[in-house]
Number of protein chains: 2
Amino acid sequence: MSKSETKNLSYVVYEELKSEILGLELVPGQAISENEICKKFNVSRTPVRDALWRLQEQGFVATMPYHGTYVTKLNMSEIKQLIYMRIAVETNVICDFIDITTPMILEDVRYMIRKQEAIILEKDFTPEMFYQLDLQMHAVWFEVTGMMKIWEIIQDAQVHYTRFRKLDFETETNFARIIKDHKRIFEMIQNKDKVGLAEVLKEHLSYSIERMKPHIEINYKDYFEDSFEA
Amino acid sequence: MSKSETKNLSYVVYEELKSEILGLELVPGQAISENEICKKFNVSRTPVRDALWRLQEQGFVATMPYHGTYVTKLNMSEIKQLIYMRIAVETNVICDFIDITTPMILEDVRYMIRKQEAIILEKDFTPEMFYQLDLQMHAVWFEVTGMMKIWEIIQDAQVHYTRFRKLDFETETNFARIIKDHKRIFEMIQNKDKVGLAEVLKEHLSYSIERMKPHIEINYKDYFEDSFEA
DNA sequence: CAGTGGTCTAGACCACCGA
DNA sequence: CGGTGGTCTAGACCACTGG
């Protein structure tokens with residue numbers, strides 16, 4: 001075998017562990033030991049600690065000093081808060097966007113929505129592809145209004161939500177519904193209807209979590225920290 | 001000298017560098033080399049890299065691979081975006097707070113405002129003391145509405161703003177004005193006046209940056225990345 | 001080229017945890 | 001007690017940058 005297309009041990013370790021966490025091979029709550037990983041990948045502690053540090057930053061694992069490192073459980077309250085934050089911010093951003101957008105930009109958005117419609121018909125379609133397009137579109141208003149830093153912060157904070165969405169893949173996602181939302185948002189923007197927009201956006205961003213809730217309580221309860229109040 | 005009340009080299013290095021950056025002994029844009037720091041503190045690269053990594057996370061330094069590590073300049077656009085985000089989120093949070101707060105909680109807030117008034121009269125008063133109280137008070141609505149995660153995210157994102165505020169100390173801050181704002185916000189909450197609140201809060205959170213702008217353009221221009229458009 | 005950070009090793013010793 | 005992570009050393013070699 002040709003070896004060494006690796007280039008970076010800590011990155012390899014990081015990617016592998018992350019993939020195993022997202023793929024639920026390492027389940028929320030499970031312990032992972034530094035030394036085990038060292039042996040498994042046949043590397044010293046340095047790259048392993050590097051990888052774990054990155055995973056910790058992103059919230060995939062948590063380390064209890066002198067005790068162990070664990071795959072984090074999902075936290076429904078945090079996910080809800082992130083959505084709340086995103087609704088608050090994005091509503092404002094789109095309102096500003098409405099005031100300054102141009103026909104050229106609106107054409108870009110329309111094009112993006114069309115791409116979304118097209119991609120779900122591809123034969124090698126994967127949900128991940130759709131979510132990339134989704135992100136691109138939502139990024140537009142932040143871009144145009146000069147709020148990319150905010151968009152970055154939201155994205156960084158959203159990792160828990162990303163894992164949540166991975167569970168979603170295991171059930172099913174109604175992409176047609178999402179696209180319909182996008183079209184409604186687009187309409188509101190065209191009509192400069194800020195009040196209607198606020199409603200639609202809120203519904204749109206809250207949608208997946210509301211829909212997933214029953215699935216979760218049945219199939220994934222152990223993957224969550226909290227029981228389901230509020 | 002008694003040595004070794006240190007406990008943690010990387011922490012010592014981190015604290016010292018951070019303090020030098022906030023105190024402007026290391027000025028924005030200045031280069032700092034890993035090896036220099038190793039010599040200066042007489043430690044190996046590991047704790048130094050650890051410290052630099054933390055500083056980088058918080059945005060105090062930036063590393064250009066194979067080139068050098070530099071104290072970051074402040075970015076006025078980012079600061080403005082963070083304030084924008086905070087206004088958007090905090091307005092929503094306070095509105096929710098208004099709906100669920102109780103007389104007990106309101107008394108807590110009133111008490112906090114009184115403390116603010118009292119502390120600026122102390123003889124050993126420092127601005128930092130005031131800002132601690134200020135943070136405590138703003139945290140209340142996030143706490144009560146179950147949005148502490150959002151508050152954490154905002155705080156983490158606000159480091160640039162913190163450095164900005166340090167410049168503010170070098171000019172002067174009108175604490176009486178801030179307290180007056182707080183009282184107005186408190187009134188709005190009592191009266192459940194959400195519309196008025198949105199206005200006052202926006203003004204309150206935008207205040208320092210607006211006031212500081214002229215000072216900055218004269219005294220601290222070199223500490224900022226960008227010129228001052230928008 | 002010399003200097004910087006990027007990465008990694010192979011140890012070492014310590015502090016804390018639970019059984 | 002043994003296992004875990006927490007920290008650190010003193011090197012090493014590599015990859016890229018700038019002059």
Side-chain angles (χ1 to χ4, degrees), chain A residues 1-21 26-73 225, chain B residues 1-21 26-73 225:
Chain A
M1 309 307 103
S2 67
K3 67 295 257 340
S4 74
E5 39 222 313
T6 63
K7 302 250 185 187
N8 186 322
L9 293 185
S10 84
Y11 185 71
V12 172
V13 174
Y14 166 76
E15 279 296 327
E16 174 59 20
L17 290 177
K18 179 173 163 182
S19 154
E20 288 180 12
I21 291 170
L26 293 171
V27 305
Q30 187 169 342
I32 52 185
S33 131
E34 285 185 4
N35 286 324
E36 274 176 34
I37 303 171
C38 291
K39 287 167 200 156
K40 178 171 169 183
F41 290 90
N42 196 31
V43 297
S44 73
R45 277 176 78 197
T46 304
V48 170
R49 285 183 62 75
D50 230 73
L52 289 179
W53 176 248
R54 294 189 219 181
L55 289 169
Q56 188 164 29
E57 257 200 309
Q58 305 200 350
F60 289 116
V61 306
T63 295
M64 303 169 63
Y66 309 118
H67 186 248
T69 301
Y70 300 87
V71 179
T72 51
K73 295 196 173 190
E225 273 182 14
Chain B
M1 311 303 105
S2 67
K3 66 298 252 345
S4 73
E5 39 223 312
T6 63
K7 302 250 187 188
N8 186 323
L9 293 185
S10 82
Y11 185 71
V12 172
V13 174
Y14 166 77
E15 280 295 328
E16 173 59 21
L17 290 178
K18 179 174 163 182
S19 153
E20 289 180 12
I21 290 170
L26 293 171
V27 304
Q30 187 169 343
I32 51 185
S33 131
E34 285 186 3
N35 286 325
E36 274 176 35
I37 303 171
C38 290
K39 287 168 200 156
K40 178 171 170 184
F41 291 90
N42 195 31
V43 297
S44 73
R45 278 177 77 196
T46 303
V48 171
R49 285 182 63 76
D50 231 73
L52 289 179
W53 176 247
R54 293 190 219 181
L55 290 169
Q56 188 165 30
E57 258 199 306
Q58 305 200 350
F60 289 117
V61 306
T63 296
M64 303 168 64
Y66 310 118
H67 185 243
T69 301
Y70 299 86
V71 179
T72 51
K73 295 196 174 191
E225 272 182 13

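In what follows, chains carry the letters A, B, and so on, assigned in the order in which the sequence lines appear, proteins first and then strands, with residues in each chain numbered from 1.
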Distance (rounded to the nearest 0.5 Å) between A:L55 CG and A:I21 CD1: 5.0 Å

Point-to-point distance, once rounded to the nearest 0.5 Å, from CG of A:D50 to CG of A:L9: 10.5 Å

Side chain of A:N35 - closest among C:dG6, D:dG6, D:dT4: D:dT4

In whole angstrom, what separates [X]'s [atom1] from [N]'s [atom2]?
{"X": "B:M64", "N": "D:dC16", "atom1": "CE", "atom2": "P", "answer": "15 Å"}
{"X": "A:I37", "N": "D:dG3", "atom1": "CD1", "atom2": "P", "answer": "17 Å"}
{"X": "B:F41", "N": "D:dT7", "atom1": "CZ", "atom2": "P", "answer": "17 Å"}

pair [X]-[Y]: side-chain heavy atoms closer than 4.5 Å:
{"X": "B:L52", "Y": "B:I37", "value": "yes"}
{"X": "B:I32", "Y": "B:L26", "value": "yes"}
{"X": "B:K18", "Y": "B:R54", "value": "no"}
{"X": "A:P28", "Y": "A:E225", "value": "no"}

Every protein N/O within reach of nucleotides 8-11 of chain D N/O, cut-off under 3.5 Å:
from, atom 1, to, atom 2, distance (Å)
D:dC8, OP1, B:L9, N, 2.1
D:dC8, OP2, B:S10, N, 3.3
D:dT9, OP2, B:S44, N, 2.8
D:dT9, OP2, B:S44, OG, 2.7

Note: A:E20-A:K40 ion pair, threshold 4.0 Å (strictly below):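 Salt bridge flag = yes for A:K40 with A:E20.
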
Flag, side chain of B:S33 to backbone of B:N35, donor-acceptor distance under 3.5 Å: yes

Dump every N/O contact between nucleotides 1-3 of chain C and the protein below 3.5 Å, one line per pair.
from, atom 1, to, atom 2, distance (Å)
C:dG3, N2, B:Y66, O, 3.4

Sugar-phosphate only, base, or nothing, as touched by B:L52 at under 4.0 Å among non-hydrogen atoms: nothing

